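Inspection log for the structure reproduced underneath, given as structure tokens.
Quick caveat, the model's predicted, so the values are computed rather than measured. Letters go in sequence order (proteins before strands), and every chain restarts at 1.
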2 protein chains.
Amino acid sequence: MTAKVKPINQVACKDCILSTLCLPIALKIEDIDTLDSIIKRGKPLRKGEHLFFQGDTFSSIYAVRSGALKTYTTTDDGVEQITGFQLPSELVGLSGIDDEHYPVSAQAVETTMVCEIPFEKLDELASTLPELRRKLMQIMSKEIREDQQMMLLLSKKNADERIATFLLNLAARFRRRGFSSQAFRLPMSRNEMGNYLGLAVETVSRVFTRFQKNGLIDANGKEILIKDSMTICSLAGGKPVNQANDSLTG
Amino acid sequence: MTAKVKPINQVACKDCILSTLCLPIALKIEDIDTLDSIIKRGKPLRKGEHLFFQGDTFSSIYAVRSGALKTYTTTDDGVEQITGFQLPSELVGLSGIDDEHYPVSAQAVETTMVCEIPFEKLDELASTLPELRRKLMQIMSKEIREDQQMMLLLSKKNADERIATFLLNLAARFRRRGFSSQAFRLPMSRNEMGNYLGLAVETVSRVFTRFQKNGLIDANGKEILIKDSMTICSLAGGKPVNQANDSLTG
DNA sequence: CGGTATATTGACGCCTGTCAATTTAAGTGG
DNA sequence: CCACTTAAATTGACAGGCGTCAATATACCG
């Protein structure tokens with residue numbers, strides 16, 4: 001994996017390489033220190049360990065520092081639906097604010113470190129820092145928007161389009177974090193991908209095989225190389241994106 | 001339709017019968033007046049008219065006073081996905097906070113009145129009213145939670161389960177507003193329902209016919225009577241709900 | 001290196017979308 | 001209020017995409 005940056009445990013917010021992506025982006029230096037003071041840095045979660053379970057009392061939101069999480073809901077009859085994957089700098093737990101309890105479980109899909117942000121304190125802080133309040137609302141608004149795009153995907157797109165959309169989405173998120181958007185490692189299994197995308201594992205596997213056969217990607221297990229992003233883009237339903245600002249020519 | 005309550009145009013927030021459902025629930029009397037002062041009450045929208053279009057500059061969120069709205073996204077290739085229906089007291093436009101533009105269009109599915117809440121002013125108000133700020137975050141959190149439940153529906157449920165879930169969801173929302181949850185009128189067309197639920201109109205129609213044949217509901221056009229809520233509940237994937245606190249015995 | 005989880009590939013069937021034809025409802029003008 | 005037009009809803013026939021089941025191959029891990 002092309003790791004240009006590596007978050008280190010216990011680093012202060014203002015020194016964290018994720019600071020431009022995480023909450024602090026909107027804060028002044030001294031405010032960042034205030035935010036910093038309420039954040040607890042937890043010990044790493046190993047793959048499969050849970051950060052919290054559906055039904056647990058809501059108390060904190062979490063920011064991923066390294067690794068990746070998944071969140072999922074379980075219905076009364078045991079059906080599971082993954083509702084999202086969280087990469088470094090992304091927040092998890094926002095859906096618990098309204099209720100006393102988290103409506104989802106959060107689990108590490110690989111070794112993961114998180115910052116815990118007690119919501120009570122964050123809320124207090126938000127009352128004195130307008131920038132922070134705005135940023136929080138923006139993050140929640142963005143999540144609503146993205147979830148609704150998932151509704152579109154699940155409701156209207158076929159298997160090829162779903163996988164293409166998913167790969168591009170991941171690619172874009174990796175790029176924002178300074179990684180290559182053409183070559184990356186999927187943090188999740190085929191099973192988890194299928195669950196998230198509303199597809200059977202077998203279908204995911206078949207699409208990957210076909211994409212590879214048609215020269216769209218090069219997939220070696222979880223290692224992915226995007227070879228024909230034009231075609232993938234058009235499959236995903238967006239306009240083709242030129243790759244000028246990616247690692248090839250950047 | 002069993003209309004127990006009827007919002008009247010130009011009524012102040014503190015006199016609005018929706019006040020316990022809408023934002024003001026968390027506010028003290030004098031604060032409600034402050035909120036009241038920033039709200040613009042618009043003229044009614046006729047069925048089919050738009051409140052805003054996808055891509056329009058974001059400036060306000062809106063509260064539905066009467067009638068119903070739908071929000072939908074349109075992809076580059078013209079595919080439409082309805083992302084939600086908004087009933088009286090519900091907010092629309094929250095997904096636009098993060099960006100400069102609304103990511104969805106909002107259109108009246110029947111004659112509808114809305115309150116316009118300029119976001120700039122709401123945001124200012126939120127800085128001085130902690131209760132308002134919390135309430136806003138709760139509403140957004142709830143929307144995230146509900147959108148993720150839709151992801152579950154679209155990803156894992158079959159046609160019967162989707163319709164059952166949808167009917168129960170509507171029933172619950174009607175009940176909260178003082179209407180019967182057993183007999184109500186659907187504000188949207190079969191087409192819109194199908195679009196929202198990821199089903200073809202024909203499938204929606206067939207499921208309705210089958211539900212009726214099996215004695216689950218009585219459907220006369222848009223008029224719906226829930227006859228066997230136990231079965232519908234179990235189809236929807238939830239625990240059966242007793243009807244004690246509904247109009248039959250309440 | 002053996003045991004287990006994960007991934008791949010093939011065969012088959014079903015749910016649901018698509019196409020087409022009515023039927024019914026809604027909206028409009030005289 | 002009724003005839004006319006148009007939209008919406010229903011019903012049937014058909015087929016295809018994807019899920020399910022099963023077998024094998026590969027990767028992962030202690």
(Q) Taking the nucleotide of DNA chain D with the nearest heavy atom to each, does B/Arg190 or A/Val204 sit closer to the 5' end? (A) B/Arg190
Q. Whole Å only: how far is the CZ atom of B/Phe208 from the C1' atom of D/dA8?
A. 14 Å
Q.
Please classify the nucleic acid contact of B/Lys156 as base, sugar-phosphate, or nothing, using heavy-atom distances under 4.0 Å.
A. nothing
Q. Counting any heavy atom closer than 4.0 Å, what does A/Ser189 reach on the DNA or RNA strands: base, sugar-phosphate only, or nothing?
A. sugar-phosphate
Q.
Looking at every non-hydrogen atom in both residues, tell me the closest pair between A/Met193 and A/Leu186 and how far apart they are.
A. CE-CD1, 3.6 Å
**Q.** Inter- and intrachain pairs under side-chain hydrogen bond (donor to acceptor under 3.5 Å, both in side chains), touching residues 200-210 of chain A, at least two apart
**A.** A/Asp160-A/Arg210
Q. Does a side-chain N-to-carboxylate-O contact under 4.0 Å join A/Glu110 and A/Lys70?
A. no
Q. Is there a donor and acceptor pair closer than 3.5 Å between the side chain of A/Glu202 and the base of D/dC21?
A. yes
Q: Take atom CG of A/Leu197 and atom P of D/dG17, then tell me their distance rounded to the nearest Å.
A: 19 Å
Q.
Looking at B/Arg65 and B/Glu90, is there a salt bridge between them, counting it only when a charged N and a carboxylate O are closer than 4.0 Å?
A. no
Q: Would you indicate what A/Gly198 reaches in the nucleic acid, counting non-hydrogen atoms under 4.0 angstrom: base, sugar-phosphate, or nothing?
A: sugar-phosphate
(Q) Closest-nucleotide mapping onto DNA chain D: is A/Gly221 or B/Glu192 further toward the 5' terminus? I mean the 5' end. (A) B/Glu192
**Q.** Rounded interatomic separation in angstrom, taking CG from A/Leu153 and P from D/dC18
**A.** 12 Å
Q | Nearest-Å distance for atom pair CD/C1', residues A/Glu110 and D/dC29 | A | 17 Å
Q: Give me the ring orientation class for A/Phe174 and A/Phe184: parallel if the planes are under 30° apart, tilted from 30 to 60°, perpendicular past 60°.
A: tilted
Q. Just how far, in rounded Å, is C1' of D/dA27 from NZ of A/Lys47?
A. 10 Å
Q: Evaluate whether atom NZ of A/Lys142 has more than 12 neighbouring non-hydrogen atoms of other residues, nucleotides or ligands under 6.0 angstrom away.
A: no
Q.
Whether A/Arg206 contacts D/dC18 is assessed here as follows: a side-chain N or O lying under 4.0 Å from the phosphate OP1 or OP2. Is that the case?
A. no
Q: Answer yes or no: are there more than 12 heavy-atom neighbours, outside B/Lys156 itself, under 6.0 Å from its atom NZ?
A: yes
**Q.** Euclidean distance, atom CE of residue B/Met188 to atom P of D/dA8 [Å, nearest integer]
**A.** 15 Å
Q.
With heavy atoms of chain A within less than 4.0 Å as the criterion, where does contact along DNA chain C begin and end?
A. C/dA7 to C/dA11
(Q) Using the ring centroid of each side chain, check whether B/Tyr196 and B/Tyr72 are separated by less than 6.0 Å. (A) no
Q: Tell me which residues in residues 209-220 of chain B put a heavy atom below 4.0 Å from DNA chain C, sorted by number, or none.
A: none
Q) To the nearest Å, how far apart are A/Lys222 NZ and D/dC28 P? A) 8 Å
Q. Are the side chain of B/Thr165 and the backbone N or O of B/Glu161 linked by a donor-acceptor pair below 3.5 Å?
A. yes
